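Structure first, commentary second.
Chain letters run A, B, ... following the sequence lines, proteins first and then strands; every chain starts at 1. As the structure is a prediction and not an experimental result, all values here were calculated from the model.
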Amino acid sequence: MATTPQDLHALVQQKYQHGFVTDIESDTVPPGLNEDVIRLISAKKKEPAFLLQWRLKAFSHWLTLKEPHWAHAQYPAIDYQAISYYSAPKTNRDGPKSLADVDPKLLATYDKLGVPLHERARLAGVAVDAVFDSVSVATTFKDRLSKAGVVFCPFSEAVHSHPELLERYLGTVVPPGDNFYAALNSAVFTDGSFVYIPKGVRCPMELSTYFRINAANTGQFERTLIIADEGSQVSYLEGCTAPMRDENQLHAAVVELVALDEANIKYSTVQNWYPGDENGLGGIYNFVTKRGECRGHHSRISWTQVETGSAITWKYPSCVLLGDHSVGEFYSVAVANHYQQADTGTKMIHVGRHTKSTIVSKGISAGHAHNTYRGLVKILPSAEGARNYTQCDSLLMGDQCGAHTFPYVEVKNPSATLEHEATTSKIGEDQLFYCLSRGLSAEDAVNMIVSGFCKSVFKELPMEFAVEAQNLLAVSLEGSVG
Amino acid sequence: MTAITAGDLILSVRDLKVSVNDRSVLKGLNLDVRAGEVHAIMGPNGAGKSTLSQVLAGRTDYRVDQGSATFLQEDLLALPAEERARRGLFLGFQYPVEIPGVNNVYLLKAALNARRRAQGIPEVDAYEFLTLVREKMKLMQMDDSFLSRGVNEGFSGGEKKRNEILQMTVLEPTLAILDETDSGLDIDALKVVAQGVNSLRGSERAIILVTHYQRLLDHIIPDFVHVLADGKILKTGDRTLALELESRGYDWVLEEARA
């Protein structure tokens, strides 16, 4: 009887595929957080004075804030003094000049992850800014991008090459005091990506970053800033996996997007951080602040995310629609298995006239996991003729998991049009049995049902990412039907 | 195994006792089905008709308390549902489920290839498959939109049943069990469904029709008609038995059995 719960249970027990730790000597700062640590980080990065002051201000503000606990998640208190705030892989010299200079072990790690950096980059025409721990180790395709005038570099490099853009835009979408984790990130962020697309330029390739957390007990604080100038277009991909760990690792990234007049930013994420073992031990805490501002008229920001990893996910990629006729989109698939807890959603803030937003959220819960959609659609008095369409669907696998939906709506302009659809369904015995009775294996059946459920989000992903996402989903949910 | 020819024993059910939630539903059922035969199983509501179909197809929320079922000389009850399908057992559902977003023909192609792999023959490629499906769709009077729609997604009751028969004609099972395939069909749809079923009749396979009504049997002429009541096959006859049941109901069969 291959379809009994016991057998399926065995499939659920499959170990995380990417569970390994690369042995690279890390230049790690001792645990603890104080002004000296921040000064040290800033000094290591040789940052200009304004940035140090900015960090210190964020830190003093952070000290006044309380860790938020409104999310639908439970976890032991985080000891922020037990975290090491800086860790850089040591290399032969100050830094690699090309791929040949990159630590071979590091490259092997990417290979294990199925990301042969150079080949992949060339074949797929993707420029990869690989973040390994807290320092970017390789950046490719710079020439082609720079010919187009596109700036795509590690954040720490942009600090030196484009300080004026940083000073102008950094923290203007997510202010340092925005929330507890954003403030912490602003104080201690170590690296990330910086993108600037000049006026009228259509970025010649998809921009991609692979994040990976490696050193033990190192909080990972990435900072990403993308600026799309008037009439420009860019598609940015972010994807990540993490090695197996027994202690929880904190990740608190900040992503800021700025779209000026008629600019178009597409930001896609496939997130596969270690979710903890089958008992809920270990796993990444992912507390992220992602926000985009459509500052110009007819600008557009689109978030697409596939979230399968992390023990706890706390993430609300949002759009502030300032410019008239600007468009915000959020397409999300969030998967929670075992003891994972995902609290995710979006905020669409309509300020400009005739602004439009679309939210499509697909939550999948399996095992003992809880999956929460939390969304806000806010129509300000100025947002004449604003429109929103929201669709929230939840899929439950088994009877130990939960799906929760908290849609908030605030409408202050009577001309607004809002539509909301929500469904909760169970991968029923019926659907599963139907597929089995047609000769499909339980795994294939579950994959097929789940892919069907997620179809409307997957079609928003760039092609090569959509395939990866589908595979990832298959791995994440292997045999998790009860 | 060697090719099946008329008269070969395909299914043999012996003294099958099955319960659902500790309630005894099948109470010692016997049934032999041979290649080339069409059997109709009729009976009142709650007699265990659907339970029999589901148990034979491999649904696990039934408890088999006693007895055996042999399919092509193998212990059927020891096989998981997908293995039964791959060996050529097909269940046409009374209530086919919707699977949103999963393409109708994608599922069908996966099903066909799972069967072909088990038979040790090469999988069909997209072109071959499409040619085959279009041909069968024509027979079932289904338009091309069925190719792109989700599995039973938004289908009417009649469309769902037609889709079941389409799947059957593509998969060409050795044993097809059609559970109340006629319910909810108007007379035109019934004729189309019957045509699909009849197209599959042959010496190398057998069909079990589970039905309430004799009107289906006007279009698909059975070789045997069984009365399933009180968890057992109480009476077996030819198609005239179906007509008699229609005019007299089932009570007399029960009374006869008690006597």
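- Within a 6.0 Å sphere centred on CZ of A/R387, heavy atoms belonging to other residues, nucleotides or ligands number 12 at most.
- At a 4.5 Å heavy-atom cutoff, B/R115 makes no contact with chain A through either its backbone or its side chain.
- Counting non-hydrogen atoms of other residues, nucleotides and ligands closer than 6.0 Å to NZ of A/K356 gives a total of 12 or fewer.
- Proximity of B/L107 to A/M448: side-chain heavy atoms (C-beta onward) are separated by under 4.5 Å at one or more points.
- Taking each heavy atom of B/A85 and A/G439 in turn, the nearest pair found is CB-N, 3.3 Å.
- Atoms OG and CD1, from A/S437 and B/I177 in turn, are 10.5 Å apart once rounded to the nearest 0.5 Å.
- Under a cut-off of 6.0 angstrom, the local environment of CG in B/N21 is sparse, with at most 12 non-hydrogen atoms contributed by other residues, nucleotides or ligands.
- For B/Q167, the part lying under 4.5 angstrom from a heavy atom of chain A is the side chain only.
- Note: A/D430 leads A/I449, A/D444, A/D430 in heavy-atom pairs under 4.5 Å with chain B.
- In summary, the aromatic rings of A/F433 and B/F93 are positioned with their centroids under 6.0 Å apart.
- Ranking B/P173, B/A118, B/P100 against chain A, the residue ahead of the rest is B/P100, based on heavy-atom pairs under 4.5 Å.
- Of the atoms belonging to B/N152, it is side-chain heavy atoms, and not backbone ones, that fall under 4.5 Å from chain A.
- Other residues, nucleotides and ligands contribute over 12 non-hydrogen atoms within 6.0 Å of the NZ atom of B/K136.
- The minimum heavy-atom distance linking B/I99 with A/C435 is given by the pair CD1-SG, 3.7 Å.
- Rounding to the nearest 0.5 Å places OG of A/S441 at 10.0 Å from CD of B/E83.
- If you measure heavy-atom distances from A/Y434 to chain B, the contacts under 4.5 Å come from both the backbone and the side chain.
- Within a 6.0 Å radius of OH in B/Y95, other residues, nucleotides and ligands contribute 12 heavy atoms or fewer.
- Remark: B/Y106 OH is loosely packed, at most 12 non-hydrogen atoms of other residues, nucleotides or ligands lying under 6.0 Å away.
- Counting only distance, with no hydrogens or angles, the side chain of A/R438 and the backbone of B/L171 share no donor-acceptor pair below 3.5 Å.
- Among B/V102, B/V151, B/V97, the single residue meeting the side chain to side chain contact (heavy atoms under 4.5 Å, CB included) criterion with A/Q431 is B/V97.
- B/P96 touches chain A through backbone and side chain together, each having a heavy atom under 4.5 Å away.
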